Engineer: 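The structure under discussion is supplied below as structure tokens; questions concerning it will follow.
Quick note on labels: first sequence line is chain A, next is B, and so on, each numbered from 1. Bear in mind the structure is a predicted one, so any value in this text is a computation, not a measurement.
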Number of protein chains: 2
Amino acid sequence: MLSKKTKYGIKALTFLARQEGNIPVQIATISNSENISLKFLESILLTLRKNGFLGSKKGKGGGYYLLKKPKDIQMTSVMRVLEGPIAMVPCVSLNFYEKCADCPDENTCAVHKLMIQVRDSSLEIFRNTTLADLCDC
Amino acid sequence: MLSKKTKYGIKALTFLARQEGNIPVQIATISNSENISLKFLESILLTLRKNGFLGSKKGKGGGYYLLKKPKDIQMTSVMRVLEGPIAMVPCVSLNFYEKCADCPDENTCAVHKLMIQVRDSSLEIFRNTTLADLCDC
DNA sequence: TTATTAATCTACTAAATCTATAGGGTTTAG
DNA sequence: CTAAACCCTATAGATTTAGTAGATTAATAA
């Protein structure tokens, strides 16, 4: 299951991508338009800012804005920051690899074999999809 | 993340698929070979039996065995029984569809658009992979 | 028939994670 | 100064996951 965090994060990013120019948009504006709990969204935007997707402006007239063009934001990086590893099991993860404690041999492991395929196909989709593709802009 | 339930379930199925003939295999045997908590595995095998993948025999010489040939067991059905929906969000699920409460229009929803692609590619892999493919038998 | 073996079933619990909220702190524009 | 708006930490409630306990039922062998 996709977490609400990721779901809301993607929605917020596309909302920002659809704005004219790079004028800061307030959390409350996004929260209202996309029906997302304000404080929860706040924490999500914070992590997006800390990971280089968003810039922010404090004080009156402040808000959040995209730091890059939508077509330069790959969904791989968005997913990794919000959702974590793209792989369904750590033993097939490229960026977060971990050996399974219970599994003696990855080469004969059925789960490993299957999940590598799933990882590769998901990865291809996330790589070839940018924020621009999702918001048609 | 793939649940341990699904991971263990797939391992158990491949273990059974690798056996000669359809001789019942005891839970303890699988539990030991695959390093899975016996009682947890017990509950997993029970759901696999209730969903038509396994047969069981009680008493001495009893155990679990596959009801179909490995090549006739698609991973789609295994995943749906153990892990649940293949889609990452209910609004793109074929078998477990649910409308998102917060989302006014699926057609303009970025998450929807992205997750349909992911669903389709995962589905294709699970459809084209059988238990036989995973255990090379 | 009796003992043994092994699956069946129900209920429960501990831990982890997710979702959301609370509440103060800090910065900026006017 | 003051109101607007982001910054940050902590925490609570709900849900899910992973595993445990223990009694029951069925099959087999002696």
Engineer: Roughly, in whole Å, what's the span from OH in A:Tyr8 to C1' in C:dA20?
Structural biologist: 10 Å
Engineer: Is the closest basic N to carboxylate O distance between B:Asp102 and A:Lys7 below 4.0 Å?
Structural biologist: yes
Engineer: What is the separation between atom CG on A:Leu46 and atom P on C:dA20, rounded to the nearest whole Å?
Structural biologist: 17 Å
Engineer: Please report the distance, rounded to the nearest Å, between NZ in B:Lys4 and P in C:dT17.
Structural biologist: 11 Å
Engineer: Report the residue (A:Ser37 or B:Ser56) whose heavy-atom-nearest nucleotide on DNA chain C is the more 5′ of the two.
Structural biologist: B:Ser56
Engineer: So, B:Asp120 and B:Arg127, do they make that salt bridge, N to O below 4.0 Å?
Structural biologist: no
Engineer: Under 3.5 Å, is there a donor-acceptor pair between the B:Glu83 and B:Ser3 side chains?
Structural biologist: yes
Engineer: Just how far, in rounded Å, is P of C:dT19 from CG of A:Leu38?
Structural biologist: 17 Å
Engineer: Does B:Glu42 or B:Gly61 map to a spot on DNA chain C nearer the 5' end, using the closest nucleotide for each?
Structural biologist: B:Gly61
Engineer: For DNA chain D, whose closest nucleotide is more 5', that of A:Gly62 or that of A:Arg49?
Structural biologist: A:Gly62
Engineer: So, taking the atom named OH in B:Tyr8 and the one named OG in B:Ser37, what distance separates them when rounded to the nearest 0.5 Å?
Structural biologist: 7.5 Å
Engineer: Starting at CG of A:Leu82 and ending at C1' of C:dC18, how long is that distance when rounded to a whole Å?
Structural biologist: 14 Å
Engineer: Taking CG from B:Asp102 and P from C:dT19, how many angstroms apart are they, rounded to a whole number?
Structural biologist: 12 Å
Engineer: What nucleic acid atoms does B:Lys39 come within less than 4.0 Å of, heavy atoms only: base, sugar-phosphate, or nothing?
Structural biologist: base
Engineer: So how far is it from A:Gln74 CD to A:Met79 CE, rounded to the nearest 0.5 Å?
Structural biologist: 13.0 Å
Engineer: Under 4.0 angstrom, heavy atoms only, what part of the nucleic acid is B:Lys50 near: base, sugar-phosphate, or nothing?
Structural biologist: sugar-phosphate
Engineer: Applying side chain to side chain donor-acceptor pair (under 3.5 Å) between B:Lys113 and each of A:Asp136, A:Thr129, A:Asp133, report the one that passes.
Structural biologist: A:Asp136
Engineer: Taking any atom closer than 4.0 angstrom to a non-hydrogen atom of chain A, what span of DNA chain D does the protein reach, first nucleotide to last?
Structural biologist: D:dA4 to D:dC8
Engineer: For the pair made of NZ in B:Lys58 and C1' in C:dT4, what is the distance, rounded to whole Å?
Structural biologist: 15 Å
Engineer: Between C:dT28, C:dA20, C:dA7, spot the one nearest the side chain of B:Ile27, thanks.
Structural biologist: C:dA7
Engineer: From CZ of B:Phe40 over to P of C:dA15, roughly how many Å is that when rounded to an integer?
Structural biologist: 16 Å
Engineer: Looking at B:Glu124, I'd like to know if its CD atom is crowded, meaning that more than 12 non-hydrogen atoms belonging to other residues, nucleotides or ligands lie closer than 6.0 Å.
Structural biologist: no
